[in-house]
Amino acid sequence: MSFSRNSFTTEERQKWMSVLSKSLCQELEGAWQGISEKPDYQHLRKPETGIIMVRARAGGSGLRFNFGEMTVTRCTVKTDEGYVGCAYVMGRDHRHAELAALFDALLQNSGYNLKILNMVIVKLKESREKRKEEISKKSAATKVDFFTMVRGE
Amino acid sequence: MVATINLNEMTPGFSDPVFNSQETFRAILDAMAHPGRIVTAGSAFDPPHPLNLASSALCLTLLDFETPLWTDLDSDQMAIGWLRFHCGCPVVPNPSEATFAMITNNDVMPSLNKFKTGNDESPESSTTLIIQTSGLSSMDGKRLSGPGIENFSILKMGGLTERFWQDRQIQFTMFPLGVDIIFTCENTFAALPRTTKVEG
């Protein structure tokens, strides 16, 4: 193929895909509107919602068990330059999955990569961490310590 | 080890997955209920080489993660990746494990008894074969009769070997066991369920 593939490792791509799927849809929409040269694209797989079984290991290292089902929306897009972006996001927001896939495709393009990486991904990550912290703070305030009173003799 | 799917050459499937697959499913019911009737797969998209439009539409409609597929396509052919990507179906190496079989080269296709023919308790647990032919026409071909056909119907399928018809004759005597077959050509297909008698 003629297009220039940006050099990135699988781990790097995993990281940005993770940030994209954990961001809020409005944030992604805002970032998308901010991109001046939007590529044309087609859907290889239109956004579709399904259920997946999340599996976990007891204590992180024990036997695998079915933790529970989760609603997931996935999407695959291909830009006209030939970059294919994929996304799997929690919930049923089709636009979120589409935008996450679009950004995944853009990030593989060396022409866009650095700009987007610095502008969007870093920002999204920060805001995600902020949200996480707020939730932790809120739940920390409701922390209850369990203890047993010793009955006086 | 499962081969990775090359997404760079991937093409889209149905433009409207829900309605297109419902439409195709209705056409399959029509074809199965009237063996030998040539029906049209309605939707339009670019099928992956060497699959024709009808074969691809049938796969998109019928296959999913619970239907193992056997196919004579080479494992490095784009079409296999296309089927795995869009249908999510496992591709099995052995015809006897397959719920569906996609056959593109009739000259070297395995004998029909190599596929699942079901058992007496559940004859429906058999393989459904999708066979690509070089032509389908209702003029001077095989004479079909049986359930769903008033008197007889004529169907000509291009490119099938004499060995295939001998196998089919043997399978017909095994009823209720056997395989169901759908022949495709370009955007049309016709069904040959196990109940249909073939002469000529």
Side-chain angles (χ1 to χ4, degrees), chain A residues 1-11 13-14 16-17 20 39-55 66 69-88 92 94 97-98 100-110 113, chain B residues 1-25 41-51 53 55-69 73 76-91 102:
Chain A
M1 279 213 171
S2 57
F3 59 85
S4 67
R5 182 157 291 282
N6 183 32
S7 65
F8 56 86
T9 62
T10 306
E11 287 72 32
R13 188 169 175 208
Q14 283 171 342
W16 76 56
M17 285 177 84
L20 290 168
D40 286 327
Y41 63 94
Q42 61 170 340
H43 290 109
L44 288 184
R45 176 149 57 202
K46 288 196 171 174
E48 54 184 18
T49 302
I51 245 173
I52 60 159
M53 177 61 78
V54 181
R55 306 181 82 187
N66 291 345
E69 283 170 339
M70 188 169 92
T71 314
V72 164
T73 303
R74 65 178 177 184
C75 177
T76 304
V77 297
K78 187 178 198 170
T79 63
D80 280 0
E81 296 113 341
Y83 297 98
V84 178
C86 301
Y88 283 74
R92 294 172 299 179
H94 285 202
E98 187 179 36
L102 277 169
F103 275 112
D104 179 40
L106 285 190
L107 283 160
Q108 294 171 55
N109 183 337
S110 52
N113 183 285
Chain B
M1 162 94 195
V2 180
T4 49
I5 301 173
N6 180 7
L7 285 179
N8 290 323
E9 283 152 46
M10 189 61 64
T11 52
F14 284 145
S15 56
D16 189 336
V18 175
F19 288 115
N20 292 154
S21 54
Q22 284 176 348
E23 202 180 357
T24 310
F25 193 76
S43 45
F45 57 92
D46 281 332
H49 178 79
L51 298 187
L53 182 72
S55 303
S56 327
L58 287 171
C59 287
L60 289 179
T61 305
L62 296 173
L63 302 186
D64 68 8
F65 65 98
E66 288 177 322
T67 55
L69 171 77
L73 296 164
D76 57 349
Q77 265 177 305
M78 184 55 217
I80 288 202
W82 191 90
L83 290 172
R84 283 179 44 217
F85 178 76
H86 287 293
C87 309
C89 59
V91 177
M102 180 69 243

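Predicted model, so just to flag it, every value in this text is computed and none were measured. Chain letters run A, B, ... following the sequence lines, proteins first and then strands; every chain starts at 1.
Closest non-hydrogen pair, Met10(B) versus Lys78(A), comes out as O-NZ, 3.2 Å. The minimum heavy-atom distance linking Leu7(B) with Cys86(A) is given by the pair CD1-SG, 3.6 Å. Of all heavy-atom pairs spanning Thr11(B) and Leu44(A), the tightest one is C-CD2, 3.8 Å.
When side chains are defined from C-beta on, Pro17(B) does not count as touching Glu48(A), because their heavy atoms never get closer than 4.5 Å.
Taking NZ of Lys46(A) as the reference point, atom OG of Ser15(B) lies at 6.0 Å (rounded to 0.5 Å).
Heavy atoms of Phe85(B) lying under 4.5 Å from chain A belong to its backbone as well as its side chain.
The local environment of CG in Asn66(A) is crowded, with over 12 non-hydrogen atoms from other residues, nucleotides or ligands closer than 6.0 Å.
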